[in-house]
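Structure first, then comments.
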Amino acid sequence: MTRHVEFQRLHNFRDLGGYPTADGRATKWGVLYRSDNLRKLSESADVERFLALNVATVVDLRYPWEIEQSGRVPDFPGLRYVNLSIEHQPYDQGALGDDFDPWRFLADRYMEVAQDGVKEIRGVLEVIADPESETTVFHCASGKDRTGIIAMLVLSLIGVSEENVVEDFALTELATERLIADWRAFYPGRELTWSAYARAPKEPMELFITDLKSRYGSVEGYAEQELGVDDGLVAALKAKLVDVEG
């Protein structure tokens, strides 16, 4: 199976299947995907490939103003669209400078999201766990930061190792150059001043997970204490996303 699904205009569309879990099983292929902005589904070949995946639900993690500014997934027949903006404190990555540690900065922003977006994050987990959601894609703009937070939480809760969670985050590095090209095309009159834009080494996610452990004891502790995640929701996520047999 292929983790990266190749599109002409989407650069960071990935299958979250095939990761081993602590109980000796593995995550299912073709059930949960993460992506950059699905508005870019414009080429006919891309549309055909997307429809062939039988996606039933799209969860858009962006602000409503982002959706108004840059568009959303096309309104394909039968597609359920959910907007849950998990970030509450916007910042312009393209306008940042290089006079600070970018990975510590990103980890701090992730913790802001984890604190501010409790209601929305819980909602995203419920949508993903719902059997009626069927095959689901969640995405933000680049499919890196907000999308990375949700991927980390989902994979951690169903028993994927921290090592694999962090490695999944870092796969965005394969799309960095194309994501930068997208930014420049969308903002032709601006200069990209942050050299870490669209970068995704392991460090920011490792720092974020360490911060969660320090404050809550574990990622699961965060989910229980802040999101109200219980055994029932974890069981529903596993039923949806983990193979019955290893």
Side-chain angles (χ1 to χ4, degrees), residues 3 12 14 16 18-23 26-27 32 34 61 84-93 96-125 128 138-176 179 194-231 233-234 237-238 241-242:
R3 185 162 308 288
N12 205 14
R14 311 203 303 263
L16 289 175
Y19 286 123
T21 56
D23 59 4
T27 55
L32 185 63
R34 54 179 294 172
L61 306 175
L84 289 163
S85 178
I86 67 172
E87 183 182 279
H88 291 202
Q89 301 183 54
Y91 59 104
D92 186 351
Q93 290 194 10
L96 297 174
D98 284 325
D99 55 346
F100 55 89
D101 180 348
W103 317 137
R104 179 70 267 170
F105 175 84
L106 285 175
D108 290 345
R109 302 292 76 73
Y110 298 169
M111 183 60 83
E112 281 181 357
V113 173
Q115 298 293 309
D116 297 341
V118 167
K119 178 181 178 181
E120 293 83 1
I121 293 171
R122 167 72 190 224
V124 174
L125 296 179
I128 292 172
F138 59 96
H139 77 91
C140 54
S142 296
K144 177 175 80 78
D145 300 313
R146 289 166 287 186
T147 297
I149 292 168
I150 295 298
M152 182 277 291
L153 287 171
V154 170
L155 293 176
S156 297
L157 288 171
I158 62 178
V160 175
S161 71
E162 181 178 328
E163 179 182 5
N164 282 329
V165 167
V166 171
E167 288 178 351
D168 178 80
F169 174 81
L171 288 174
T172 289
E173 286 276 282
L174 298 175
T176 294
L179 293 171
W194 195 35
S195 62
Y197 182 83
R199 290 291 314 283
K202 296 178 181 180
E203 285 86 347
M205 184 54 67
E206 289 174 335
L207 288 168
F208 177 44
I209 292 173
T210 297
D211 293 344
L212 289 176
K213 288 179 177 179
S214 177
R215 187 171 300 188
Y216 301 101
S218 64
V219 173
E220 294 80 4
Y222 160 75
E224 293 168 6
Q225 296 168 45
E226 293 289 351
L227 306 179
V229 170
D230 57 16
D231 291 344
L233 182 51
V234 172
L237 285 168
K238 289 182 176 180
L241 303 174
V242 180

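Quantities reported herein were computed from a predicted structural model and do not represent experimental measurements.
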Got a donor-acceptor contact below 3.5 angstrom from the [X] side chain to the [Y] backbone?
X	Y	value
S214	T210	no
N164	Y19	no
D230	L233	yes
Y216	E226	no
T147	R34	no
D116	Q89	no

Minimum-distance pair of heavy atoms, taken over all atoms of [X] and [Y]:
X	Y	answer
A198	T176	O-OG1, 2.7 Å
F208	A107	N-CB, 3.9 Å
L179	S142	CD1-O, 3.8 Å
V165	S156	CG2-OG, 3.9 Å
D145	C140	N-SG, 4.5 Å
A170	K202	CB-CG, 4.0 Å

Residue pair R215, Q115: steps toward the side-chain contact (heavy atoms from CB on, under 4.5 Å) verdict: CA-CA 11 Å; R215 187 171 300 188; Q115 298 293 309; 3.4 Å; yes
What distance separates [X] [atom1] from [Y] [atom2], expressed to the nearest 0.5 Å?
X	Y	atom1	atom2	result
I121	R146	CD1	CZ	12.0 Å
L125	I150	CG	CD1	6.0 Å
D168	E163	CG	CD	12.5 Å
T27	L16	OG1	CG	7.0 Å
K119	L227	NZ	CG	14.0 Å
E87	Y110	CD	OH	10.0 Å

More than 12 heavy atoms of other groups within 6.0 Å of D231 CG: no
Worked verdict on Y222 versus L153 for side-chain contact (heavy atoms from CB on, under 4.5 Å): CA-CA 9 Å; Y222 160 75; L153 287 171; 3.9 Å; yes
Pair L241-I128, side-chain contact (heavy atoms from CB on, under 4.5 Å): steps then yes or no: CA-CA 9 Å; L241 303 174; I128 292 172; 4.1 Å; yes
Does the side chain of [X] reach to within under 4.5 Å of the side chain of [Y], using non-hydrogen atoms?
X	Y	value
F138	L84	no
E206	I209	no
W103	R199	yes
Q93	L106	yes
Y197	L96	no

Salt bridge D211-R104, side-chain N to carboxylate O under 4.0 Å: yes
L157 vs K238, side-chain contact (heavy atoms from CB on, under 4.5 Å): CA-CA, chis, key distance, verdict: CA-CA 8 Å; L157 288 171; K238 289 182 176 180; over 6 Å; no
Check: Y91 ring centroid to F105 ring centroid under 6.0 Å: yes
Identified side-chain contact (heavy atoms from CB on, under 4.5 Å) partner of M205 from the options M152, E162, E167: M152
